[in-house]
Amino acid sequence: MSNNNKELSFLILSFDARKDTLYHYDTEKNQLIPQFTIDFKNKAVNLHAYTELPNYYFGDFTEPQKIDAYHTATINHKFYVIEKTTLKGAYFKLENDFLGGIEIEWPIYTFSNGYYTANYEPANLLEKLENTLLNRNISAEMREKLTDLKNSIKETDNNYILYAKLK
């Protein structure tokens, strides 16, 4: 994520449960500048990642669950946001209002350079739309919009990319 023309910020994802830091890379000095670290104190360090927007740090915690000798899944995902100036934070869940409240999965990976981007495989988007249409609380206008969208999708389509500029 480019913050300005002199520094680059990047996401660190560690599959090892260890302390780490979000850095900016100063291209002129060829130097990493630490920006954000979480102190887990004496608690176990879960798998985690973080990134940033101009005024916030975003992150996630997750627990590994061993499936077999070669595979591990992650469970109990928690996403958080921390305001940079006050360092006050909260857990959050994001929903896409334009798609009837479909949950934005893995939200910290969907924002970059002032944009939101999501990539949906057609069958997965159809399933999400069908589940959303089961919600009796969505408006008639939203129901019609989502039904039209659902009816226009074919499982043989290319992936659907949602792209939006943040305000």
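What's counted below: heavy atoms across the whole structure, side chains too, no hydrogens, waters or symmetry copies.
- Screening Ile108, Ile38, Asp60 for a side chain to side chain contact (heavy atoms under 4.5 Å, CB included) involving Tyr80 leaves a single residue, Ile38.
- Residues Asp26 and Leu32 form no side-chain contact, since every pair of their non-hydrogen atoms from C-beta on lies 4.5 Å or further apart.
- Taking NE2 of His77 as the start and CZ of Phe61 as the end, the distance is 13.0 Å to the nearest 0.5 Å.
- Cluster annotation: Leu99 is connected to Phe92 through the hydrophobic network of ILVMFWY side chains, with a link wherever side-chain heavy atoms come within less than 4.5 Å.
- Note that the OG1 atom of Thr51 and the OH atom of Tyr56 stand 15.0 Å from one another [nearest 0.5 Å].
- Taken to the nearest 0.5 Å, the CD atom of Glu103 stands 12.0 Å off from the CG atom of Asn131.
- Lys93 places no side-chain N or O within 3.5 Å of a backbone atom of Ile104 that could act as its donor or acceptor partner.
- Within a 6.0 Å sphere centred on CG of Asn151, heavy atoms belonging to other residues, nucleotides or ligands number more than 12.
- The number of heavy atoms from other shown groups lying within 6.0 Å of NZ (Lys88) does not exceed 12.
- Of the possible donor and acceptor atoms, none in the side chain of Thr74 sits under 3.5 Å from a partner among the backbone N and O of Glu63.
- A donor atom on one side chain and an acceptor atom on the other are not found under 3.5 Å apart for His71 and Gln65.
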task = Decide yes or no on side chain to side chain donor-acceptor pair (under 3.5 Å) for Glu144 and Thr147, but give the supporting numbers first.
result = CA-CA 5 Å; Glu144 181 180 354; Thr147 300; over 6 Å; no
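- Between Phe111 and Phe58, the angle of the ring planes stays under 30°, which puts this pair in the parallel group of the 30/60° scheme.
- From Leu125, atom CG reaches atom CD1 of Ile102 across 6.0 Å, with rounding to the nearest 0.5 Å.
- Side chains of Tyr25 and Asn30 form a contact here, defined as non-hydrogen atoms less than 4.5 Å apart.
- In terms of modelled atom types and a separation under 3.5 Å, the side chain of Lys84 and the main chain of Leu53 share a donor-acceptor contact.
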Worked verdict on Tyr57 versus Phe36 for ring pair (Phe, Tyr, Trp, His ring centres under 6.0 Å) = CA-CA 8 Å; Tyr57 296 110; Phe36 178 72; 4.2 Å; yes
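- Proximity of a side-chain donor or acceptor of Asp157 to a complementary backbone N or O of Lys154 within less than 3.5 Å is detected.
- Annotation: cation-pi pair Lys165/Tyr115 present, NZ/CZ under 6.0 Å from the ring centroid and within 45° of its normal.
- Put simply, the side chain of Glu95 never gets that close to the backbone of Asp97: no donor and acceptor are under 3.5 Å apart.
- Nearest heavy atom pair, residue Ser152 against residue Tyr160, reads O-OH, 4.1 Å.
- Gln31 CD to His24 NE2: the interatomic distance, rounded to the nearest 0.5 Å, is 13.5 Å.
- The two residues Ile138 and Gly100 have their closest heavy-atom pair at CG2-O, 4.2 Å.
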